[in-house]
Amino acid sequence: MAVKNFGFSISRPRTIDMDKNNLRKSNEILRELPELQACIGCGSCTASCSAGLLTQFNFRKMHTLVRRGEYEGVYKELSKCMLCGKCRMVCPRNINTRKVVLLIKRTLGDF
Amino acid sequence: MIYLAPFTYPFIIGAAFMFLIVVWKYAMWFIDLPKEDVQKIKKGIFSKATLYSVWEIFRESLLHVRIFKRSLPLGYMHCSLALGWFMLIVVGWIETIVYLGNSFVPLYGHVFFRFFAAPVLTEHFWILDFLMDFFLLIVLSGVFLAWIKRFSSRLVGIRRTTKHVLTDRLAMSFLWFVFPLRLLSETVTASIYGGGGFLTGSLGELFAAFLPSQLLSSLLMPFWWCYSISLGGFFCFMPFSRYMHIFTEIPLILLRNWTLRPTLDEKSYDKFEIQACSRCGICIDECQLQKVLGIENVQSVYFLRDKRYHMLRLATAQNCLMCGRCQQVCPVGINLNTLRLSTRAIMRNIPSEQRYNYFNGIDRSCGEGRVGYFAGCMTHLTPKIKISMEKIFKAAGEDVWYADSEGSVCCGRPLMLSGETDAARKMIKFNEELFRKHKITTLVTSCPICFRVFTEQYNLEGITVLHHTQYIASILRSGRIALSPEECSYVYHDPCELGRGCGVYDEPREVISRAANLMECSQNREHALCCGGSLSNFVIDDFQQQKIASSVVEHLLLSGAERIATACPLCRKTLSRATERRVMDIAEIVSERLT
Amino acid sequence: MRRGAWEDYQKDIADDKYYYARSCIRQNFFPGSEKAFLNIVGRDLGREVFDDPLHTSCTGIGYHSDIVPYETIMTVVARQFSLMHEAGFENFISSCITSFGIYTEILNTWEEFPETEEKTRESLYKATKRELYKPKNLAHTSDVIFHLRDEIKQRMKYPLVNHLTGEKLRVVEHIGCHYAKIFPKRGIGGSEFPYVLAGMIESWGGDVVDYPERRHCCGFGFRNYLVQANRGYSIANSHKKLESMAPYRPDFIVCNCPGCTMFLDKWQYTIAEMEGTTYGEAGQGIPVLTYEEMAGLVLGYDPWELGMQMHAVNVEPLLNKMGVEYDPAAKYLGPNGKYIGKPLQSVVNSSRGNTSLYDIKK
Amino acid sequence: MIMQTDVVVVGGGVAGIKAACELCQAGSKCVLVERDSVLGGKLRGWHKLFPSFTSSSDVIEELLNELKQSNVECLLGSEVVYISSTLCRLASGTEIQCRAVILATGYNLFDARIKEEYGYGIYDNVITSVDLERMFHTGTISTLSGAAPEKVAILHCVGSRDEKVCQRHCSKVCCITAVKQAIEIKKMLPNSEVFNFYMDMRMFGPGYEELYLTAQKQYNVHFIRGRISEAAQLPKGRLQIKAEDTLTARPLIMSVDMLVLMVGMKAPKQNALFALATGLELQPSGFISSKDLFLEAVLTSVPGIFVAGTVTAPKTIGESISEATMASRAALKFIEG
């Protein structure tokens, strides 16, 4: 079929569609590390982040997206993390953030 | 003498099998050694190192001096089995020479000498009989202790004994039977033909007195059969069990003295280290994860076991504080931390070209000077340390270039600890270039984690790398700053990375004693405890970290000190969470006492 | 229980004597619809509707595109009102949803801020020497059809029922944002569960589809369409609505607003051409009707007289379903039997294949 | 008919019952007036109480036992039409002359139908927190078709912190109730997935934060920060909900089998009538103002009229009961002069 070019294309929706998203990997991660659910979204991890100081990297947003089944680009984003461990020191909910980084990267693979 | 008896076949087959396997294994490992290692061997083989190794082999493989130092009963157990068995072989050899002169005796002729010799021997050398029985008794006492250890390890001086896998259990079961069966076989032989020393001879007389001779004659062959089978069985399983360490420790000692070391990349030398582990279990007791948290199955002994049998799980490899306490006490001297790191690298090192491209052009440093100060990520969470260092620099009149005052690229060690070595090397390269660009001659850091990677992995030729305690000690000595001591007592907590990691024990103590009263706790220096906050452990949760920290604080305060001093921002933060007492970095103490 | 939601949102709709304000988009793209409205209300149902040639565009498109200032549009609207007064009418009905929204908004502004009314009065006088008279009743033309739905039902020729199976037709209704989202109380049924079109559909035998994106914008969005670079955003909204309604397998869409009719219809063509996605049974597209066309079909008007050949999505499958009698060959013949030209074959209509019929009378 | 007493307690919920008990135990005469035909108020509709999962019937029973022993005169099914600090007139025409009044008239539940975008009363499987408690009472949670829901969304702040429905105030207890209900759902249906949509988690009381953490870690309840904007019915009675996941700054849609609306507390209309008749001051939220928030929380601007429980603001059961004790003590002090 010939695809016509009208000078614009259909913008992709930014909506997170929880029905279409496959939550298998997300559930796998939560099973291994239930404490990740305890995140209250305070953002101190991102605020203290060494990589976040140098880039747009936002750890809180990344793991939240993963929990919603939005995996695309997360592996690449998480590769910005230097694993220095500051976030773990400041997390008010005692989440083992470094494990979260490694676990998500391991579970998602290069997605 | 005719050395032909079918019961020897199990032994012959077992011994031949073991010999072939062991030779084949060593050959493969040696062939796989990288070129540098082969060069080292060539250089070391005709040097004093080889002579020293012979002494070390005798001391550690036979006498087990290091284990003796740890625990007398445990040392005796290892020594009795190793030395006792060795002496049985040596004296057995002498025995055949004495009795038979220089005529050829096959291997099994030595081993089963009593069986072949008893019916034909007419005269006995009591001293040989005595020695053989004596060493048999020694070995038997060792076996007895090993039994006891299985039931109650505490009696042998360790709290936990190692859990084994199937081949180990099989080999161990055969081994347990070897010497009691030897005793029985020789006793029955002595009861029929006479002879034997104080043990087998006396027991033989006793048997002859109370048991019918017909029964004894019918028991003779079955006992020798069993003895041969247990020996053969043990030899069959030996190369696949932990008993491989019996032989492997010998080449390991040689190779180590020829300066071979494991590296972050896996190599053939690792196999010698892995298989030289006797699974004595000393590392289990030393491990705080076991002692405080009751976590089993992750300690070095299990790590090596799982790695050897290719059943290592990531969760095991990652559940380690890498404090180095086990390495400190390992009687075989295995480089446990390096092995764990290289293993993590095998499991998790994912090279990526694109990774950390954002480093390009980053330079958030400020100030100018020949001395560079790298606070480290963790120090940014303990700003007081940073401010104290700035104050100290100012007092010393030092011109300082602050490498990471507005954020920086991490030193790379935390990532390296996760196994992602290639990515960590990108950070290392970046920081090396940054330091060179600013032409510093001295690099001071407040974080032992950074300090360790700077000294171990960075190529900083021409730059002196100092931990801030070393720097402070040097400016104190040269009188560039002076302190007014306070009437307060501190106990010093040795950070793992600074102490066992880099061998810095004295400078922190020197600085503290100039500023206040220094007190010591019993587990200090090489035996210091880990605070629990280690970046090497990816498994334990914060609650468990805190539990370790509490136990450490408790131990530190047994010294009677009022406050706790340390030299690591991570230790300081972790310990602070566990106590109401003040936990201070040495830099803070110094900056408060500056005159 | 369900009906309870819209009972709160009732409004007065005048019964007779309407001043009719046309819609820019409707009269250009669906001229048959406005004609049909005048015929149905004026001729069939005997109401007086005045179609004033003097009135102008309300300039709503310019207003919503940030080109026409509020003061200006208030004056334009004031002129329409005085024209209505001059013609002797009090009940203002507009064909366009955006106009309706603007009239409502302006009347409310005058009510809340009387000084703006005074200013408009002055401007109107300065510009046209006319006096401002506000309408007694303001309604959208769909309100009028809704009001007269039972009378239409009595004359109904083709109910909204599949004449082959007897099943009710599933109808998606779209009221248009400016109808009830600005002032929900001014729309029948409010903005959450609007009833103006639903009432017609139910009266005439159809079933309303309540799908998740029912309240979503059609995608016109003025600036989002008018600037070409933004059209991807415009079409994405229509795409979202179509994706959301597709699982309900609607037989057709009926729109309140002329703009929505146009976009839900024509974007189906664009989506099909751009990525090959077609909606509706056998990928023939979902026909999009104006409510006048729907009323006209129900009353037995000829579909080509209603202007339904102007749609991007072919309506024949719907006509066949309803059992409407029509001459397929006459599709592209104008009122005087002259060939008006026909569109090129498109993906959305490709499954119909045989179009040679139309060429016979060329 | 004219009655005479020391104190009239208006409202037979937990606060009213407790206040009446205290008054009678202290030896004063009191009449408890309740509009309903039974005592217990809104608590009757509740199954278990946060954060301890105490059975609410236990609490009511305990209070009613105390009431029985205190010989309180209760007028059930009696609506108050006029009130002042000395007189209470009922719909039946009965007049009660008194020396002080304790208002314990409580709150009304917000009518979820007003937030019509959520479709309460329109869609089959949109229910309120109260409906859910009713289901807990029966022991089964099911959709209209009778099936156990696999996915449940709980929406906080329905009729709270929402100026669109003239409810600016926070109803205080809904957050923790939502956490409690999420846990109860997970306990009954371990395979279900529960999503709580919240704006803020206001875990102000003892043990609340811990319960929140338990819900997250132990029960894997998903908490998504964002208010649901609308619900729509899908085929087979399922619902599609839309919200923004504000923590990722992305719109979010999902389909659920059941949507639970955490309805807030609304000030009853009669508060305004009372205020008009007696001169009581009202807060902007419509709840009655205390004389002083700190030192005289149970006093009002009118001497002789005291307040207890949620008549002044949303409160927990525990807070209402302890306030009742304070109010009765203040009323006694007042009539003793």
Side-chain angles (χ1 to χ4, degrees), chain A residues 28-40 42 44-59 62 73-111, chain B residues 314-315 318-319 344 347-348 350 352 354-364 376-382 404 406-420 423-424 426-427 430 447 449-450 533-546 569-570 573-574 577:
Chain A
E28 214 170 276
I29 289 163
L30 287 176
R31 243 197 320 278
E32 190 162 342
L33 200 68
E35 68 191 56
L36 180 57
Q37 273 290 47
C39 172
I40 46 175
C42 71
S44 30
C45 46
T46 307
S48 68
C49 180
S50 294
L53 200 65
L54 307 171
T55 66
Q56 297 280 311
F57 175 56
N58 185 327
F59 172 62
M62 285 307 122
V74 171
Y75 182 91
K76 208 175 153 204
E77 272 301 292
L78 283 182
S79 292
K80 290 181 182 167
C81 165
M82 299 192 266
L83 221 62
C84 71
K86 278 172 83 182
C87 46
R88 187 177 185 186
M89 301 298 288
V90 296
C91 177
R93 282 276 174 139
N94 280 350
I95 297 170
N96 188 345
T97 50
R98 297 175 81 229
K99 187 175 175 182
V100 173
V101 172
L102 295 178
L103 182 61
I104 293 180
K105 275 171 64 181
R106 199 176 78 218
T107 314
L108 295 189
D110 199 348
F111 199 76
Chain B
L314 190 62
Q318 288 192 333
N319 198 353
R344 287 182 182 181
M347 293 172 120
R348 289 307 304 159
I350 310 145
S352 161
Q354 274 89 49
R355 205 158 170 201
Y356 299 129
N357 278 348
Y358 67 85
F359 288 172
N360 280 342
I362 287 173
D363 187 349
R364 305 259 175 114
C377 299
M378 284 299 163
T379 315
H380 288 289
L381 290 177
T382 51
D404 59 347
E406 298 297 326
S408 67
V409 169
C410 168
C411 66
R413 178 142 176 96
L415 194 69
M416 201 167 256
L417 292 171
S418 81
E420 299 185 21
K426 288 196 170 180
M427 300 183 189
F430 170 85
C447 176
I449 304 167
C450 306
S534 168
L535 291 179
S536 315
N537 194 307
F538 294 90
V539 177
I540 60 169
D541 61 30
D542 274 41
F543 174 73
Q544 291 170 308
Q545 284 189 338
Q546 214 158 339
L570 185 57
K573 241 185 152 53
T574 313
R577 288 168 68 190

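So you know, we letter chains A, B, ... as the sequences are listed, proteins then strands, and number each from 1.
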- Could A/E35 and A/K99 be called an ion pair, given the rule that one side-chain N must be under 4.0 Å from one carboxylate O? no
- Which members of residues 80-90 of chain A, sorted by number, sit under 4.5 angstrom from chain B on a heavy-atom basis? A/K80, A/C81, A/M82, A/L83, A/C84, A/G85, A/K86, A/R88, A/M89, A/V90
Throw together a table of side-chain donor-acceptor distances under 3.5 angstrom for residues 406-416 of chain B, partners on residues two or more places apart or in other chains.
residue, atom, partner, partner atom, Å
B/R413, NE, B/E497, OE2, 2.7
B/R413, NH2, B/E497, OE1, 3.3
B/R413, NH2, B/E497, OE2, 3.4

- Once the angle between the rings of A/F57 and A/F59 is folded into 0 to 90°, is it parallel (under 30°), tilted (30 to 60°) or perpendicular (over 60°)? tilted
- Closest-packed option against chain A by number of heavy-atom pairs under 4.5 Å, given B/K573, B/R364, B/H380: B/R364
- Message: Less than 4.5 Å apart, side chain to side chain, heavy atoms only: is that true for A/N94 and B/F543?
- Response: no
- Report the residues that fulfil salt bridge (Lys or Arg N to Asp or Glu O under 4.0 Å) with B/R348, sequence neighbours left out, ordered by chain and then residue number. none
- For B/G376, does its backbone N or O pair with a side-chain atom of B/D404 as donor and acceptor, under 3.5 Å? yes
- Tell me, for B/I350 versus chain A, whether the close heavy atoms (under 4.5 Å) come from the side chain, the backbone, both or neither. side chain
- Query: Got a sec, which residues hit side-chain contact (heavy atoms from CB on, under 4.5 Å) with B/N319, two or more places apart in sequence or on another chain?
  - Reply: B/L289, B/I295, B/V298, B/N537, B/V539, B/I540
- Task: Flag the one option from A/T55, A/L33, A/I95, A/L103 with the top tally of heavy-atom pairs under 4.5 Å to chain B.
- Result: A/T55
- Would you find a donor on one side and an acceptor on the other, under 3.5 Å apart, between the side chain of B/R577 and the backbone of B/Q546? no
- Query: With only heavy atoms counted, which part of A/S79 is less than 4.5 Å from chain B, the side chain, the backbone, both or neither?
  - Reply: both
